[in-house]
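This report refers to the structure that appears directly beneath it.
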Amino acid sequence: MFALVDVNSFYASCETVFRPDLRGRPVIVLSNNDGCVIARNALAKKAQIPMGAPFFKTRDAIRQHNVAVFSSNYALYADMSSRVMETLERLAPAVDIYSIDEAFLDITNIENCISLYDFGKEVQKTIWKETHLSVGVGIAPTKTLAKLANFAAKTWKGTGGVLDLSQTVRQRKLMALVPVEEVWGVGRRISKKLNMLGITTALQLADCPSALIRKHFSVVLERTVRELCGESCLAFEESVPTKQQIICSRSFGERITDYQDMREAICNYAVRAAEKLRGEHQYCRYVSAFVKTSPHDPKVPYYSNHAGIKLLTPTQDSRDILAAAVRCLEQIWKPGYRYQKGGVMLGDFFSQGVAQLNLFDEYQPKRNSEQLMATLDEIHKKGTGKVWFAGQGIQRGWSMKREMLSPAYTTRFNELVKAKV
DNA sequence: TCTGGGGTCCTAGGACCC
DNA sequence: TCTGGGGTCCTAGGACCC
């Protein structure tokens with residue numbers, strides 16, 4: 001039996017926890033670069049500010065409803081997330097963290113001690129007490145059904161935010177009411193296709209013969225159908241699976257037109273990606289870079305390209321990764337465009353740097369690479385000094401916009417909340 | 001003027017091998 | 001006119017998720 005716990009309007013809630021003065025006001029949080037709306041509290045939803053809407057298109061509504069606007073503050077959200085997860089670890093025998101704001105709990109056999117619904121209420125109450133964040137809890141025999149229960153717990157206020165969907169009768173009753181596009185794993189494309197086949201509710205999808213699904217779609221959707229029927233196909237995963245790839249990319253605060261600026265940006269992404277790679281204790285053998293202009297401006301031609309390099313031997317050395325990323329950029333850079341975004345991707349991971357060298361390779365591994373990188377990471381972590389590669393530049397005029405950033409309430413001493421006595 | 005970032009998995013098709 | 005069969009590996013692209 002699974003319970004899916006997720007925090008309501010997570011980013012927006014994190015902002016309001018430390019700002020009681022915002023009670024009664026709509027709150028939204030913007031994506032990186034203050035680009036578009038990625039989180040809304042209940043009042044902002046009521047004010048009909050659409051999810052994903054470009055910020056500049058919502059300005060009228062924001063003024064009209066006196067909406068509080070925040071740039072995203074990931075340091076704050078990550079810290080609040082770990083507090084929630086720690087609480088869950090204490091309440092449940094096993095926790096499978098699915099995203100920054102949600103986790104599956106393994107609650108098999110818990111019914112021997114407490115009813116499933118009461119357990120859900122207990123989780124809700126404890127999280128609120130310890131973090132002042134409100135959560136929804138969906139309980140069911142499969143992950144997909146638990147997601148569905150969670151959706152229903154949020155949608156129908158009468159549930160009080162907790163829904164026990166352990167019985168088949170209740171599963172079918174609910175599925176008959178839920179549109180198929182709300183099912184986990186059914187996105188825009190697939191729901192459109194399903195609708196054309198006359199399948200509009202979750203129940204109709206659940207009752208679909210698997211041969212039909214296999215014929216028109218893939219094994220992924222077939223698995224979803226089985227899960228809706230109560231057959232658990234998605235396993236509980238307590239340990240974090242090792243990453244297959246690492247991406248560092250950002251839209252630029254201002255469009256880039258100059259090669260030197262782009263080179264600087266790519267160098268920064270490469271260095272950051274290398275740090276993440278070492279954080280995973282991995283070595284990569286594939287490095288790629290990409291650049292693109294904005295797809296939204298019909299007046300200027302669109303350009304998007306990427307190039308990748310397979311290294312001779314896996315590395316975790318920032319210098320190798322940086323050099324490779326710059327070589328990729330040289331292949332794809334074209335002057336005359338107004339670039340909106342760029343990035344670096346690492347892939348083909350190994351757990352050690354030593355790979356079979358070819359007999360005639362002239363490659364010589366860098367000496368003391370591991371120690372040097374460890375030192376670099378240490379300096380970075382402590383914040384006691386600043387060291388960077390020349391290619392990363394100093395001015396960084398292209399770096400992202402965050403004009404409405406809240407303080408790091410929980411992770412920096414000089415930004416703690418001040419209480420008036 | 002201004003439209004996020006970071007992931008996963010599956011499939012189809014081509015290259016290549018015997 | 002006739003032009004094998006079966007397998008693996010890799011990559012690009014498409015779908016999904018939060």
Side-chain angles (χ1 to χ4, degrees), chain A residues 4 6-11 28-39 50-59 62 69-74 77-78 81 97-104 143-144 147 150-151 180-194 213-224 233-234 237 240-255 269 272-273 276-277 280 285-286 288 290 292-300 302 304-308 310 338 340-349 400-404:
Chain A
L4 175 67
D6 91 327
V7 182
N8 300 325
S9 318
F10 181 55
Y11 296 170
I28 61 171
V29 177
L30 303 178
S31 63
N32 277 327
N33 240 342
D34 297 340
C36 49
V37 179
I38 53 166
M51 183 70 167
F55 177 45
F56 70 94
K57 284 189 182 170
T58 65
R59 289 197 195 265
I62 284 165
V69 183
F70 291 94
S71 302
S72 26
N73 183 347
Y74 285 102
Y77 312 148
S81 172
I97 298 175
Y98 178 67
S99 76
I100 192 162
D101 75 327
E102 61 191 303
F104 291 98
K143 283 187 166 181
T144 305
K147 284 285 267 188
N150 183 282
F151 165 78
V180 75
E181 61 264 29
E182 299 296 344
V183 173
W184 191 37
V186 177
R188 245 189 24 249
R189 282 308 227 304
I190 290 179
S191 63
K192 204 171 153 197
K193 206 167 154 189
L194 284 170
I213 295 298
R214 201 70 174 80
K215 193 175 144 220
H216 291 282
F217 305 91
S218 73
V219 293
V220 185
L221 191 67
E222 191 188 355
R223 203 156 50 203
T224 300
C233 303
L234 301 170
E237 282 169 34
V240 189
T242 50
K243 279 201 198 331
Q244 306 295 304
Q245 57 178 33
I246 286 172
I247 300 173
C248 275
S249 80
R250 286 279 180 285
S251 307
F252 309 121
E254 280 166 22
R255 296 285 189 261
Y269 301 145
R272 182 77 197 96
K276 285 193 198 172
L277 181 69
E280 296 282 318
R285 204 169 59 178
Y286 180 77
S288 78
F290 70 89
K292 56 187 286 189
T293 62
S294 169
H296 301 289
D297 190 345
K299 291 192 291 286
V300 295
Y302 176 68
S304 162
N305 204 352
H306 71 98
K310 189 160 186 172
R338 298 179 67 236
Q340 176 228 9
K341 188 174 179 177
V344 169
M345 198 192 92
L346 309 180
D348 200 6
F349 292 168
M400 72 170 172
K401 263 195 289 202
R402 295 158 96 194
E403 287 171 352
M404 289 146 289

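Throughout, a chain's letter reflects where its sequence line sits, starting with A, and its residues are numbered from 1. On a predicted model such as this, the values are computed, not experimentally measured, just so you know. FYI, side chains are in, hydrogens and waters are out, and symmetry mates aren't considered; it's all heavy atoms of this structure.
Spacing between atom OH of A:Tyr302 and atom P of B:dT3 amounts to 13 Å, rounded to whole angstrom units. Look at CD1 on A:Ile62: it is 12 Å from C1' on B:dC2, rounded to the nearest Å. Between the CE atom of A:Met400 and the C1' atom of B:dT3 there is a distance of 16 Å, given to the nearest Å. Nucleotide B:dG4 holds its P atom 12 Å from the NZ atom of A:Lys401, rounded to whole Å. Following rounding to the nearest Å, A:Met345 (CE) and C:dA12 (P) show an atom-to-atom distance of 10 Å. Atom-to-atom, CD1 of A:Ile100 to P of B:dG6 comes out at 13 Å; the value is rounded to the nearest Å. A:Lys143 places its NZ atom 15 Å from the P atom of C:dC17, with the value rounded to the nearest Å. Nucleotide C:dA15 holds its P atom 13 Å from the CG atom of A:Leu221, rounded to whole Å.
Between A:Ser249 and B:dG4, a side-chain N or O to OP1/OP2 separation shorter than 4.0 Å is absent. Distances shorter than 4.0 Å separate none of the side-chain N or O atoms of A:Arg59 from OP1 or OP2 on B:dC2. The phosphate of C:dA15 has neither OP1 nor OP2 within less than 4.0 Å of any side-chain N or O from A:Lys193. For the pair A:Gln340 and B:dG4, the criterion of a side-chain N or O lying under 4.0 Å from OP1 or OP2 is met.
Looking at which nucleotide of DNA chain B each of A:Val219 and A:Phe252 is closest to, the 5′-most match is held by A:Phe252. Judged by closest nucleotide on DNA chain B, A:Gln245 is the one of A:Ser218 and A:Gln245 placed further toward the 5' end.
Looking at the side chain of A:Lys147, the nearest of the listed nucleotides B:dG7, B:dG6, C:dC18 is C:dC18. Nearest to the side-chain atoms of A:Tyr98 among the listed nucleotides C:dC17, B:dG5, B:dT8 stands C:dC17. Closest approach to the A:Ser251 side chain among B:dG5, B:dC2, B:dT3 is made by B:dG5 (side chain taken as heavy atoms from C-beta onward). Side-chain atoms of A:Asp101 lie closest to C:dC18 of the nucleotides B:dC10, C:dC18, B:dT3. Checking B:dC2, C:dA15, B:dG7 against the side-chain heavy atoms of A:Lys276 singles out B:dG7 as nearest. When distances are taken from the side chain of A:Tyr74 to each of C:dC18, B:dG7, B:dG4, the shortest belongs to B:dG4. Taking the side chain of A:Arg338 as heavy atoms from C-beta on, and the options B:dG7, B:dG5, B:dC2, the nearest nucleotide is B:dC2. For A:Cys36, taking side-chain heavy atoms from C-beta onward, the closest of the listed nucleotides C:dA15, C:dC17, B:dG4 is B:dG4. Listed candidates were B:dG6, C:dC16, B:dT3. Nearest to the side chain of A:Arg255 is B:dT3. Comparing B:dC2, C:dA15, B:dT11 by their nearest atom to the side chain of A:Arg214 picks out B:dT11.
Using a 4.0 Å heavy-atom cutoff across all strands shown, A:Ile190 reaches sugar-phosphate atoms only and no base atom. Using a 4.0 Å heavy-atom cutoff across all strands shown, A:Asn32 reaches sugar-phosphate atoms only and no base atom.
Across all strands shown, B:dC18 forms a Watson-Crick or G-U wobble pair with C:dG5, both key distances being under 3.5 Å.
The closest donor-acceptor contact from the side chain of A:Ser294 to the backbone of A:Gln340 lies at 3.5 Å or more, if one exists at all. Under the 3.5 Å distance criterion, the side-chain polar atoms of A:Lys276 are matched with a main-chain donor or acceptor of A:Ile247. In this structure, the side chain of A:Asp101 does not engage the main chain of A:Asn8 through any donor-acceptor pair within 3.5 Å.
Remark: A:Glu237 CD is packed, more than 12 non-hydrogen atoms of other residues, nucleotides or ligands lying under 6.0 Å away.
Rounded to the nearest Å, the gap between the C1' atom of B:dC16 and that of C:dG4 is 16 Å.
Figure legend: cation-pi geometry between A:Arg59 and A:Phe55, with NZ or CZ positioned under 6.0 Å from the six-membered ring centre and within 45° of its axis.
Relative ring orientation between A:Tyr74 and A:Tyr11 is described as perpendicular, the plane-to-plane angle rising above 60° on a 0-90° scale split at 30° and 60°. Ring pair A:Trp184/A:Phe104 is tilted by interplanar angle, where 30° to 60° counts as tilted.
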